[in-house]
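Worksheet: one structure, shown below.
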Amino acid sequence: MVASVLKQHNLKVTPQRLAIFGALSNTTSHPTAEEIYTVIQSEFPTMSLATVYKTLDTFVKSNLIQQLNVGENSFRYDATTLSHPHIICTNCSVVVDLENFMDLDFTKINTDFEITYHKLFLYGLCPTCKVAHQD
């Protein structure tokens, strides 16, 4: 299935690309390139971190994945390409998808803008960090 997705986007199917896209599609944790690299390193010990970065960049440019800038020193990646809001813990940096948060029709905003995309990030403390801060 992953191979067909790559082919649909006119991308060469390689074992490395399959592994990187597979690792990202099978998580909702919004990993960094380094985290993806760590996950697939046992399967591809000779693959470099640079290959992971280049592959993720190719996937972003092909609209296969989203690149999220949540205010850290590195980007996070999301295999869900439909616009959806995220909530980020200001303490531990966990990123969580917010489903059914709001149903805005951005085309009805009273401006002369043509909305091409939107991103919404909310920030707060996750349940684990909230408990830790109460102690």
Side-chain angles (χ1 to χ4, degrees):
M1 177 172 162
V2 174
S4 64
V5 171
L6 295 177
K7 287 178 185 177
Q8 288 171 359
H9 286 84
N10 298 317
L11 295 175
K12 184 177 177 183
V13 178
T14 67
Q16 294 85 353
R17 286 183 175 176
L18 292 172
I20 293 167
F21 190 76
L24 188 55
S25 328
N26 291 322
T27 185
T28 58
S29 69
H30 306 85
T32 63
E34 292 84 1
E35 291 168 336
I36 293 169
Y37 174 74
T38 300
V39 167
I40 62 175
Q41 182 151 40
S42 63
E43 186 179 352
F44 294 92
T46 61
M47 185 187 322
S48 70
L49 181 57
T51 298
V52 174
Y53 273 107
K54 288 176 190 173
T55 301
L56 290 169
D57 185 56
T58 298
F59 291 166
V60 168
K61 288 177 180 173
S62 298
N63 295 314
L64 278 173
I65 63 172
Q66 284 190 65
Q67 185 180 56
L68 306 174
N69 183 350
V70 298
E72 299 174 311
N73 291 332
S74 60
F75 292 109
R76 301 287 192 114
Y77 296 91
D78 190 346
T80 303
T81 56
L82 296 174
S83 287
H84 60 283
H86 296 90
I87 189 163
I88 298 107
C89 181
T90 55
N91 187 58
C92 71
S93 300
V94 69
V95 180
V96 178
D97 291 327
L98 287 176
E99 297 180 28
N100 302 321
F101 175 69
M102 66 177 135
D103 187 15
L104 290 178
D105 184 351
F106 283 98
T107 61
K108 292 183 181 177
I109 294 175
N110 191 17
T111 69
D112 288 333
F113 279 82
E114 177 183 334
I115 306 298
T116 55
Y117 71 94
H118 67 277
K119 291 189 182 211
L120 176 64
F121 298 110
L122 301 171
Y123 296 87
L125 291 175
C126 71
T128 303
C129 292
K130 183 179 171 185
V131 169
H133 274 80
Q134 290 175 350
D135 294 338

Between [Y] and [X], is there a side-chain heavy-atom distance shorter than 4.5 Å?
X: L11; Y: L64; value: yes
X: T90; Y: L125; value: yes
X: E35; Y: V39; value: no
X: I65; Y: F21; value: yes
X: L24; Y: P31; value: yes

Decide whether T58 and T55 meet the rule of one side-chain donor and one side-chain acceptor closer than 3.5 Å. no

Decide whether Q66 and Y77 meet the rule of one side-chain donor and one side-chain acceptor closer than 3.5 Å.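 No, Y77 and Q66 have no side-chain donor paired with an acceptor closer than 3.5 Å.
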
Measure the spacing between [atom1] of [X] and [atom2] of [Y] and express it to the nearest 0.5 Å.
X: I20; Y: L6; atom1: CD1; atom2: CG; value: 10.5 Å
X: F44; Y: T14; atom1: CZ; atom2: OG1; value: 8.0 Å
X: K130; Y: N91; atom1: NZ; atom2: CG; value: 14.0 Å

Just one of I88, I87, T28 clears the side-chain contact (heavy atoms from CB on, under 4.5 Å) bar with V96, so which one?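 Going through the options one by one, the only one that passes is I87.
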
Hey, what's the ring geometry for H30 with H86, parallel, tilted or perpendicular (30° and 60° as the breaks)? perpendicular

